[in-house]
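Just so it is clear, the structure is predicted and the values come from calculations on it, not from any experiment.
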Amino acid sequence: MTLLAGSGVRLPVSLIPFADIVGGLAVAPENVVVAVAANIALFVPLGALVALISPRSRWVVPVAAGLTVSAAFEVTQYLTEGGVTSVDDLMANTLGAAAGWASARRIRRVVFSPGQRLRP
């Protein structure tokens, strides 16, 4: 979506955390939930990749990777007039990278430790 041709109209930049989410919940909550979930899900593979490439990495690495890649997307979106540039997207994408890293580390630990039981 970021790289599609823009509308020719530069939309505002939203730099206030949660402003788009809270505002959207009042108008179309189902759209906001889907958009936030999609932004999180989009970056889960990035975090998982960090965990697989660097299994001893700390949580800072996927967070930095998610933040950097997401910021690049948001800047590109702004420059190409491809949509709203929002700090909410940045936060959701970064959260997705962290979640992917945590999930991949947990799965790796379970797979490579056959005697370990899953804890609730």
Side-chain angles (χ1 to χ4, degrees):
M1 292 299 290
T2 299
L3 299 177
L4 295 177
S7 62
V9 176
R10 189 161 308 241
L11 296 173
V13 176
S14 176
L15 297 177
I16 300 170
F18 304 108
D20 292 336
I21 293 173
V22 172
L25 286 173
V27 178
E30 61 280 350
N31 292 346
V32 172
V33 170
V34 169
V36 171
N39 275 327
I40 292 170
L42 181 67
F43 276 69
V44 166
L46 175 64
L49 183 63
V50 168
L52 293 174
I53 289 174
S54 178
R56 296 181 193 269
S57 66
R58 300 190 52 82
W59 65 269
V60 171
V61 177
V63 166
L67 186 65
T68 302
V69 173
S70 182
F73 283 173
E74 293 299 316
V75 168
T76 301
Q77 191 171 333
Y78 176 76
L79 294 175
T80 61
E81 299 171 354
V84 176
T85 301
S86 172
V87 72
D88 291 348
D89 292 347
L90 194 69
M91 291 185 313
N93 293 342
T94 303
L95 177 63
W101 174 81
S103 298
R105 281 182 52 106
R106 179 67 177 156
I107 291 168
R108 183 182 182 97
R109 205 173 312 146
V110 169
V111 168
F112 291 111
S113 299
Q116 185 177 6
R117 293 178 36 183
L118 290 175
R119 292 182 212 146

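Looking at N39, its side chain never comes within 3.5 Å of a backbone N or O of A92 through a donor-acceptor pair. Under the 3.5 Å distance criterion, the side-chain polar atoms of D88 are matched with a main-chain donor or acceptor of I21. No donor-acceptor pair under 3.5 Å is formed between the side chain of R105 and the backbone N or O of R58.
No continuous path of ILVMFWY side-chain contacts below 4.5 Å connects V87 to V13, so the two sit in separate hydrophobic clusters. Cluster membership for L67 and V75, using ILVMFWY side-chain heavy atoms within less than 4.5 angstrom, is not shared. Residues L49 and F73 are members of separate hydrophobic clusters, defined by side-chain heavy-atom contacts under 4.5 angstrom among Ile, Leu, Val, Met, Phe, Trp and Tyr. Both M91 and I40 are assigned to one and the same hydrophobic cluster, defined by single-linkage of ILVMFWY side chains at heavy-atom distances under 4.5 Å. In this structure, F18 is a member of the same hydrophobic cluster as V36, with clusters built from ILVMFWY side-chain heavy atoms closer than 4.5 Å.
Considering all non-hydrogen atoms of both residues, A41 and P45 come closest at O-CD, 3.3 Å. In this structure, T85 and E74 approach most closely via the heavy-atom pair CA-OE1, 3.3 Å. In plain terms, the two heavy atoms of G66 and A97 that are nearest each other are CA-CB, 3.8 Å. Closest approach of P62 and G47 over heavy atoms only: CB-CA, 4.3 Å. Of all non-hydrogen atoms in V32 and G24, the two that sit nearest each other are CG2-C, 3.2 Å.
In the hydrophobic clustering, W59 connects to V50, V60, V61, V63, W101, either directly or through intervening members, whenever side-chain heavy atoms lie under 4.5 Å apart.
Of the candidates N93, T94, L46, V69 forms a side chain to side chain contact (heavy atoms under 4.5 Å, CB included) with just one, namely L46.
A99 pairs by the side chain to side chain contact (heavy atoms under 4.5 Å, CB included) definition with nothing, not counting sequence neighbours.
For the pair R108 and L52, the minimum side-chain heavy-atom distance is below 4.5 Å.
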